[in-house]
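Comments concern the structure below.
Only heavy atoms go into these numbers, but all of them, side chains included; no hydrogens, no water, no symmetry mates.
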Amino acid sequence: FLLHDHPVFGPASRALLEDARGELDGYARARLQEEIYRLVEDFDVAGLGKRPRDHCYRVDAADLFASAHKVAASAAEIEAMLERAGFFASAT
């Protein structure tokens with residue numbers, strides 16, 4: 001899976017997955033969710049930390065531009081990637 005061999009993310013995500021397999025009360029579930037959000041924050045380029053009420057994560061190119069530093073990309077590189085993917089054409 002993505003980032004399974006990352007020195008921090010891999011072991012931390014495995015530990016969280018083990019925690020998730022057990023019985024969780026409301027407090028433990030909320031704590032686990034917070035730990036997951038905290039773990040993925042450094043890698044989140046899609047706005048997954050926004051936590052919309054309806055649990056639907058809409059596509060927003062602004063999230064990619066705001067997170068370009070997380071993937072060592074410039075705004076021009078992000079724009080070119082979106083253009084190649086047909087993102088702008090599908091928005092019209």
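Pairs of residues two or more places apart, or lying in two chains, that qualify as salt bridge (charged side-chain N to carboxylate O under 4.0 Å, His left out) and include a residue from residues 8-18 are Glu18-Arg21. Evaluation of the ring-ring contact (aromatic ring centres under 6.0 Å, His included) test over residues 14-34, restricted to residues two or more places apart or in two chains, returns none. Pairs of residues two or more places apart, or lying in two chains, that qualify as salt bridge (charged side-chain N to carboxylate O under 4.0 Å, His left out) and include a residue from residues 63-72 are Lys50-Asp63.
Scored by the salt bridge (Lys or Arg N to Asp or Glu O under 4.0 Å) test, Arg29 finds no partners at all (sequence neighbours excluded). Checked against salt bridge (Lys or Arg N to Asp or Glu O under 4.0 Å), Glu23 has no partners two or more places apart in sequence or in another chain. Remark: Ile36 engages Leu16, Leu32 in a side-chain contact (heavy atoms from CB on, under 4.5 Å) (not counting sequence neighbours). Asp25 pairs by the salt bridge (Lys or Arg N to Asp or Glu O under 4.0 Å) definition with nothing, not counting sequence neighbours. In terms of the side-chain hydrogen bond (donor to acceptor under 3.5 Å, both in side chains) criterion, residue partners of Glu77 (sequence neighbours excluded) are, by chain and number, Ser74. Taking Glu35 as the reference, Arg31 meet the side-chain hydrogen bond (donor to acceptor under 3.5 Å, both in side chains) condition, with sequence neighbours excluded.
In this structure, Ile78 CD1 and Phe87 CZ are separated by 11.5 Å, a value rounded to the nearest 0.5 Å.
Side-chain atoms of Ser13 come within 3.5 Å of backbone atoms of Gly10 as a donor-acceptor pair (strictly under, hydrogens ignored).
The heavy-atom pair separating Glu83 from Phe88 by the smallest distance is OE1-CD1, 3.3 Å.
Leu82 and Val71 fall within a single hydrophobic cluster, where Ile, Leu, Val, Met, Phe, Trp and Tyr are joined by side-chain heavy atoms under 4.5 Å apart, directly or via other members. Both Phe65 and Met81 sit in one connected hydrophobic cluster of ILVMFWY residues. Membership requires side-chain heavy atoms under 4.5 Å apart, directly or through other members.
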In residues 39-47, what donor-acceptor pairs under 3.5 Å come from side-chain atoms, sequence neighbours left out?
residue: Asp44; atom: OD1; partner: Ala46; partner atom: N; Å: 3.0
residue: Asp44; atom: OD1; partner: Gly47; partner atom: N; Å: 3.0
residue: Asp44; atom: OD1; partner: Leu48; partner atom: N; Å: 3.0
residue: Asp44; atom: OD2; partner: Leu48; partner atom: N; Å: 2.9
residue: Asp44; atom: OD2; partner: Gly49; partner atom: N; Å: 2.9

